[in-house]
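Worksheet for the structure shown next.
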Amino acid sequence: MLTIQEEGMRFGVRVGAIIYNQDRSKILLEKQNNKMYMFPGGRIDVHEDSQEAIERELHEELNIRVDLKLKYIVEMFLLYIFFFLGKLV
């Protein structure tokens with residue numbers, strides 16, 4: 001996994017897939033920890049490119065193998081600051 005961690009912050013390179021049906025009326029989400037829905041995906045391993053990583057993640061999480069071509073690559077940088085019992089973690 002490609003992750004950089006500093007005190008109270010973590011930067012990780014991740015992939016996610018938006019999978020929809022032919023008429024684009026439904027998308028596939030997966031439920032995580034009974035709390036939220038997310039697009040399938042996960043962290044990129046050091047030796048992988050984005051396409052290899054999403055193919056691996058779809059197989060691991062949904063047990064599907066797909067022949068896909070990436071349509072879009074989007075970079076998003078989000079800052080999550082973690083607090084636990086009033087302390088920065």
Side-chain angles (χ1 to χ4, degrees):
M1 290 182 248
L2 188 55
T3 304
I4 300 168
Q5 189 155 347
E6 292 185 14
E7 185 178 333
M9 292 187 296
R10 182 175 64 194
F11 175 80
V13 182
R14 303 179 63 85
V15 294
I18 299 173
I19 302 171
Y20 49 85
N21 61 354
Q22 281 186 316
D23 66 2
R24 296 184 180 192
S25 63
K26 296 183 174 95
I27 60 172
L28 174 67
L29 300 172
E30 63 175 336
K31 195 167 188 180
Q32 301 257 328
N33 302 325
N34 292 325
K35 294 181 182 177
M36 64 183 126
Y37 289 89
M38 301 179 71
F39 294 114
R43 295 180 191 272
I44 295 178
D45 289 339
V46 174
H47 64 278
E48 293 177 316
D49 63 25
S50 297
Q51 181 152 342
E52 292 168 331
I54 196 60
E55 288 173 355
R56 176 184 51 76
E57 287 289 343
L58 291 174
H59 182 256
E60 288 176 3
E61 294 180 13
L62 304 173
N63 198 29
I64 61 173
R65 295 212 182 264
V66 293
D67 181 21
L68 62 88
K69 292 184 180 170
L70 295 179
K71 284 194 163 192
Y72 306 101
I73 295 178
V74 177
E75 293 181 353
M76 284 189 339
F77 296 92
L78 303 172
L79 177 62
Y80 291 99
I81 300 174
F82 299 98
F83 286 92
F84 182 72
L85 298 177
K87 295 181 180 178
L88 185 63
V89 178

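Of all heavy-atom pairs spanning Gly16 and Ile54, the tightest one is C-CD1, 3.7 Å. The shortest heavy-atom contact between Glu48 and Ala53 is OE1-CB, 3.5 Å. What you find for Val15 and Glu57 is that their closest heavy atoms are CG2-CG, 4.4 Å.
Between atom CZ of residue Arg14 and atom CZ of residue Arg43 there is a gap of 5.0 Å, rounded to the nearest 0.5 Å.
By the 4.0 Å N-to-carboxylate-O rule, Glu60 lies close enough to Arg56 to be salt-bridged with it.
At least one donor-acceptor pair under 3.5 Å links the side chain of Asp49 to the backbone N or O of Gln51.
A 6.0 Å sphere centred on CD1 of Ile64 holds more than 12 heavy atoms belonging to other residues, nucleotides or ligands.
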